[in-house]
A.B. asks: 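To start, I am sharing the structure in question, which I have written as structure tokens.
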Amino acid sequence: MYRHLTSLLLGRRVHQPQFTPVCLRFGSGGCGRWEEEKKEDGIKWIQLEHRGPYFAPLYEPLPEDVQFYYNGKPMKLSLATEEIATFYAKMLDHEYTTKEIFQNNFFNDWRKEMTSAERNIIKDLDKCDFTEIHKYFVDKNEARKALPKEEKQKLKEEADKIQEEYGYCILDGHREKIGNFKTEPPGLFRGRGDHPKMGMLKKRIMPEDVIINCSKDSKIPEPPQGHKWKEVRCDNTVTWLASWTENIQHTLKYIMLNPSSKLKGQKDWEKYEVARRLKDVVHKIRAQYRMDWKSKEMKERQRAVALYFIDKLALRAGNEKEEGETADTVGCCSLRVEHIRLHPELDGQKHVVEFDFLGKDSIRYYNKVSVEEPVFKNLKRFMKNKDPADELFDRLKTSILNKHLQNLMDGLTAKVFRTYNASITLQEQLKALTNSEDSVAEKLLSYNRANRAVAILCNHQRSTPKTHEKSMQNLQAKINAKKQQVEEAQEELKKAEDEFNDTKDAKAGANVEKKKKKLKQLEEQLSKLNVQATDKEENKQIALGTSKLNYLDPRITVACKCPVLLHL
DNA sequence: TCAAACACTTAGAACGGACCGA
DNA sequence: TCGGTCCGTTCTAAGTGTTTGA
């Protein structure tokens with residue numbers, strides 16, 4: 001989003017903004033591109049020309065002296081088998097390779113690619129020794145990092161050349177940056193959480209797998225020598241440039257434009273416009289779902305309670321998933337009885353619902369929320385006579401919910417609530433936390449706090465950084481040292497006071513004041529360090545980037561004259 | 001009507017370069 | 001100069017929501 005905002009500002013698409021989120025327009029200002037003639041409904045482009053994807057480099061065999069060992073004995077592998085062995089060897093340091101599912105999936109897929117002779121020998125993963133191969137890649141990596149400046153510069157220039165050549169396309173006469181112009185290299189599938197397919201072999205993408213999408217009159221990209229494309233088509237109702245089907249989940253992968261492109265930027269703007277329209281009708285929708293809590297129809301009650309959760313807690317919709325194909329994660333509509341616990345009273349609050357489930361990317365959602373009484377009573381009913389593994393909202397599906405939302409407002413779907421609530425939270429927090437006379441540093445702190453409130457709302461988490469423990473220890477050492485200094489200063493002050501009491505000397509009196517000042521200064525420093533430690537600890541599992549990028553309407557940031565703009 | 005296919009957005013991990021203080 | 005930290009970018013998995021077609 002910020003890249004988009006930058007391009008908006010730099011491109012002067014926003015001219016002399018009035019700094020209010022309501023009247024600020026993305027497209028005002030008479031700058032050419034946003035006013036280009038509107039295309040027919042569903043038509044995304046007239047002209048699309050590009051070079052096709054940049055293919056992952058071919059496998060380079062290991063040097064002779066780097067060996068794979070089976071049962072303690074060196075074993076020369078065929079090229080294809082060796083390549084897959086390197087995928088595993090490169091990951092030896094990673095937690096993935098300690099997981100049984102990962103190991104089993106890898107070993108099964110690896111054996112499929114072996115020659116029959118190799119398959120006859122290699123029957124047990126525990127007898128495979130990849131450590132020498134692993135070390136080879138670690139050393140190679142180190143060597144690359146230690147390269148002299150000029151060598152690094154040379155490598156960078158080569159990468160830039162590829163970026164120049166393959167990283168841009170021509171769309172309706174404009175040069176636009178492509179988001180991912182490289183095919184995904186082969187490797188081992190890294191599914192998140194308890195993914196049943198982790199460790200499976202992700203095969204190399206060949207030109208024969210790739211569908212090219214470009215305009216008829218454009219220069220059709222050349223496939224690499226000796227190869228052909230799977231298909232060349234001209235479909236201007238879609239925005240992708242190339243696509244292929246991956247072999248793990250058999251889903252489509254696309255080469256698409258960078259977020260800085262006009263097409264993506266416009267879509268982004270439209271997303272926030274829908275969220276703004278929701279602002280005008282959300283009170284009506286809330287009144288409606290409150291009414292529906294009392295509906296005669298169980299279907300409607302479930303829909304209304306689910307919508308309350310989506311609105312109040314910014315839960316995702318929760319589409320159905322194919323069992324056994326992915327990690328067991330849920331969203332609102334797919335919640336099961338086992339994911340919530342009802343407490344008529346908890347920690348002094350009434351009607352508390354305790355949520356505990358794995359959401360997108362297997363990130364845990366844990367929350368205790370006091371809900372309105374009818375919601376609590378309804379939940380009790382929904383759970384009655386059900387097993388823990390049964391669906392909480394058994395009469396509800398995302399399609400039903402979205403159909404209902406569509407009737408309430410044009411373009412409204414469950415995900416719009418997340419965008420709306422995230423942006424409105426930012427706006428409210430900024431209003432509450434900032435004063436116009438604040439310094440840049442204070443404003444920045446407030447902005448980060450507001451951003452953090454949004455990240456918490458949306459449950460955007462990250463794994464604790466590897467360096468966290470150590471950096472906390474360093475900080476703690478600083479705190480301890482400062483505490484010591486404070487204690488020493490306290491003693492010094494006491495001594496000075498005693499001296500003054502004994503002598504009543506003016507010089508001794510001045511010394512007391514001096515010591516007091518020093519103590520105060522040290523105490524302030526200690527307090528700052530303590531705040532810093534708390535901040536670090538609280539932030540260790542919160543990811544701020546996703547909300548910044550996908551949920552916060554940049555016009556709110558502009559409207560609040562936030563100093564983050566200075567950092568763009 | 002429903003599931004599958006498709007197109008697109010949202011997500012955290014990994015990485016790399018800039019910066020900063022010791 | 002070195003190591004730690006921060007922050008933006010890249011990568012690709014994992015969602016959402018629409019379309020298609022039986």
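Below, chains carry the letters A, B, ... as their sequence lines are ordered, and counting in each starts from 1.
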A.B. asks: Listed by chain and number, what are the ring pair (Phe, Tyr, Trp, His ring centres under 6.0 Å) partners of A:H339, not counting sequence neighbours?
C.D. replies: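 Ring pair (Phe, Tyr, Trp, His ring centres under 6.0 Å) check on A:H339 returns nothing, list empty.
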A.B. asks: Of the residues in residues 139-148 of chain A, which ones touch DNA chain B at a heavy-atom distance under 4.0 Å?
C.D. replies: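 DNA chain B contact set from residues 139-148 of chain A: A:R144.
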A.B. asks: Need one value for A:K202: base, sugar-phosphate or nothing, where a base atom within 4.0 Å counts as base even if backbone is also close, heavy atoms only.
C.D. replies: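 Answer is sugar-phosphate: A:K202 comes under 4.0 Å of backbone atoms only.
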A.B. asks: Which residues, if any, of residues 400-419 of chain A bring a heavy atom under 4.0 Å of DNA chain C?
C.D. replies: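 The stretch gives A:N402, A:T413, A:A414, A:K415 as the residues lying under 4.0 Å from the strand, ordered by number.
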A.B. asks: For C:dT16, does OP1 or OP2 lie under 4.0 Å from any side-chain N or O of A:T398?
C.D. replies: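 So the side chain of A:T398 is outside the cut-off, no N or O lying under 4.0 Å from OP1 or OP2 of C:dT16.
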A.B. asks: Evaluate whether atom CD of A:E157 has more than 12 neighbouring non-hydrogen atoms of other residues, nucleotides or ligands under 6.0 angstrom away.
C.D. replies: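 Atom CD in A:E157 is packed in, count exceeds 12.
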A.B. asks: Tell me the side chain to side chain donor-acceptor pair (under 3.5 Å) pairs involving residues 90-100 of chain A, sequence neighbours left out?
C.D. replies: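 Sorted result for residues 90-100 of chain A: A:D93-A:H134.
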A.B. asks: So does A:A242 get a backbone contact from the side chain of A:N213, meaning a donor-acceptor N/O pair under 3.5 Å?
C.D. replies: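 Flag not set: sc A:N213 to bb A:A242 has no pair under 3.5 Å.
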A.B. asks: Are A:Q461 and A:N459 close enough that a side-chain donor and a side-chain acceptor fall under 3.5 Å?
C.D. replies: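 Yes, side-chain donor-acceptor contact under 3.5 Å.
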A.B. asks: Could I get the full list of salt bridge (Lys or Arg N to Asp or Glu O under 4.0 Å) partners for A:E300, not counting sequence neighbours?
C.D. replies: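 Testing A:E300 for salt bridge (Lys or Arg N to Asp or Glu O under 4.0 Å), a comparison that skips the adjacent residues, returns none.
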A.B. asks: Taking DNA chain C as the partner, which of residues 230-241 of chain A come within under 4.0 angstrom of it by heavy atom?
C.D. replies: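 When residues 230-241 of chain A is checked for heavy atoms under 4.0 Å from DNA chain C, there are no hits whatsoever.
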A.B. asks: Determine the contact category for A:H94: base if any of its heavy atoms lies under 4.0 Å from a base atom, sugar-phosphate if only primed atoms, P, OP1 or OP2 are that close, otherwise nothing.
C.D. replies: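 The answer is sugar-phosphate, as A:H94 gets under 4.0 Å only of primed atoms, P, OP1 or OP2.
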A.B. asks: Can you name the side chain to side chain donor-acceptor pair (under 3.5 Å) partners of A:K540, sequence neighbours left out?
C.D. replies: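 By the side chain to side chain donor-acceptor pair (under 3.5 Å) rule, A:K540 matches A:E537.
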A.B. asks: Determine the contact category for A:S399: base if any of its heavy atoms lies under 4.0 Å from a base atom, sugar-phosphate if only primed atoms, P, OP1 or OP2 are that close, otherwise nothing.
C.D. replies: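 A:S399: no heavy atom of the nucleic acid under 4.0 Å.
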A.B. asks: Can you confirm whether the side chains of A:T329 and A:K321 place a donor and an acceptor under 3.5 Å from each other?
C.D. replies: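 Yes - a donor-acceptor pair under 3.5 Å links their side chains.
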A.B. asks: Nearest nucleotide by nearest heavy atom, which residue falls closer to the 5' end of DNA chain B, A:S243 or A:R316?
C.D. replies: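 It is A:S243, whose closest nucleotide lies nearer the 5' terminus.
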A.B. asks: Just distance, no hydrogens or angles: give the donor-acceptor pairs under 3.5 Å from side chains in residues 392-400 of chain A, sequence neighbours left out.
C.D. replies:
residue	atom	partner	partner atom	Å
A:D394	OD1	A:Q302	NE2	2.8
A:D394	OD1	A:K386	NZ	2.8
A:T398	OG1	A:N319	OD1	2.5

A.B. asks: If the cut-off is 4.0 Å, is A:K253 near the phosphate of C:dA13, judged by side-chain N/O to OP1 or OP2?
C.D. replies: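 Yes, A:K253 has a side-chain N/O under 4.0 Å of OP1/OP2 on C:dA13.
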A.B. asks: Earliest and latest nucleotide of DNA chain B, 5' to 3', sitting under 4.0 Å from a non-hydrogen atom of chain A?
C.D. replies: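 Nucleotide range with atoms under 4.0 Å of chain A: B:dC6 to B:dG16.
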A.B. asks: Do A:S243 and A:V210 have side chains that get closer than 4.5 Å, going by heavy atoms?
C.D. replies: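 Not in contact.
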A.B. asks: At a heavy-atom distance below 4.0 Å, what parts of residues 188-197 of chain A sit against DNA chain B?
C.D. replies: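 Residues of residues 188-197 of chain A that come under 4.0 Å of DNA chain B are, in numerical order, A:R192.
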A.B. asks: Look at the side chain of A:K44 and the backbone N and O of A:T237, then say whether any donor-acceptor pair between them is shorter than 3.5 Å.
C.D. replies: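 Looks like yes, one N/O pair under 3.5 Å.
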A.B. asks: Expressed as a whole number of angstroms, how long is the span from A:K44:NZ to C:dT18:P?
C.D. replies: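 Those two atoms, NZ and P, are 13 Å apart.
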A.B. asks: Return the value, rounded to whole Å, for the distance between atom CG of A:L335 and atom P of C:dG15.
C.D. replies: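 My rounded result for the distance is 13 Å.
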A.B. asks: If we ignore angles and hydrogens, is there a donor and acceptor under 3.5 Å between the side chains of A:Y254 and A:N180?
C.D. replies: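 Side-chain D/A pair, A:Y254 to A:N180: absent.
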A.B. asks: List for me each residue that meets ring pair (Phe, Tyr, Trp, His ring centres under 6.0 Å) alongside A:Y88, sequence neighbours excluded, and say none if there are none.
C.D. replies: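 Partners of A:Y88 under the ring pair (Phe, Tyr, Trp, His ring centres under 6.0 Å) test: A:F106, A:F130.
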A.B. asks: Using modelled atom types only, decide if a donor and an acceptor are shared between the side chain of A:N236 and the backbone of A:W45 within a distance under 3.5 Å.
C.D. replies: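 Yes; at least one donor-acceptor contact below 3.5 Å.
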A.B. asks: We want to know whether A:S362 and A:D194 form a side-chain donor-acceptor pair, criterion being a heavy-atom distance below 3.5 angstrom.
C.D. replies: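 Side chains of A:S362 and A:D194: no pair found under 3.5 Å.
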A.B. asks: Please confirm whether the shortest side-chain N or O distance from A:K360 to OP1 or OP2 of C:dT16 is below 4.0 Å.
C.D. replies: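 Answer is no, no contact under 4.0 Å.
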A.B. asks: Going by atom types alone, do A:Q406 and A:N402 pair a side-chain donor with an acceptor below 3.5 Å?
C.D. replies: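 Side-chain D/A pair, A:Q406 to A:N402: absent.
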A.B. asks: Nearest heavy atom decides the nucleotide; on that basis, is A:E320 or A:E184 closer to the 5' end of DNA chain C?
C.D. replies: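 Final value for this comparison: A:E184.
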A.B. asks: Please walk me through it: do A:L278 and A:F417 pass side-chain contact (heavy atoms from CB on, under 4.5 Å)?
C.D. replies: CA-CA 8 Å; A:L278 174 58; A:F417 281 87; 4.0 Å; yes
A.B. asks: Given atom CD1 of A:I178 and atom P of C:dT10, what is their separation to the nearest angstrom?
C.D. replies: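 Spelled out: CD1 on A:I178 to P on C:dT10 is 13 Å.
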A.B. asks: Could you tell me how far apart A:K548 (NZ) and C:dT9 (C1') are, to the nearest whole angstrom?
C.D. replies: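 In whole Å, C:dT9 C1' and A:K548 NZ are 14 Å from each other.
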A.B. asks: Report yes if the side chains of A:W269 and A:R555 come closer than 4.5 Å at any heavy-atom pair, otherwise no.
C.D. replies: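 Yes, their side chains come closer than 4.5 Å.
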A.B. asks: Near A:K152 NZ, under 6.0 Å, is it more than 12 heavy atoms from other residues, nucleotides or ligands?
C.D. replies: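 Buried by this count: over 12 neighbours within 6.0 Å.
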A.B. asks: Mind calculating the distance between CG (A:D41) and P (C:dT18) to the nearest angstrom?
C.D. replies: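 Spelled out: CG on A:D41 to P on C:dT18 is 14 Å.
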A.B. asks: Scan nucleotides 1-5 of chain C against the protein and return all N/O pairs shorter than 3.5 Å with their distances rounded to 0.1 Å.
C.D. replies:
residue	atom	partner	partner atom	Å
C:dG4	OP1	A:K470	NZ	2.4

A.B. asks: Just call it for A:K156: base, sugar-phosphate, or nothing, with non-hydrogen atoms closer than 4.0 Å on any strand.
C.D. replies: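 Nothing, no heavy atom under 4.0 Å.
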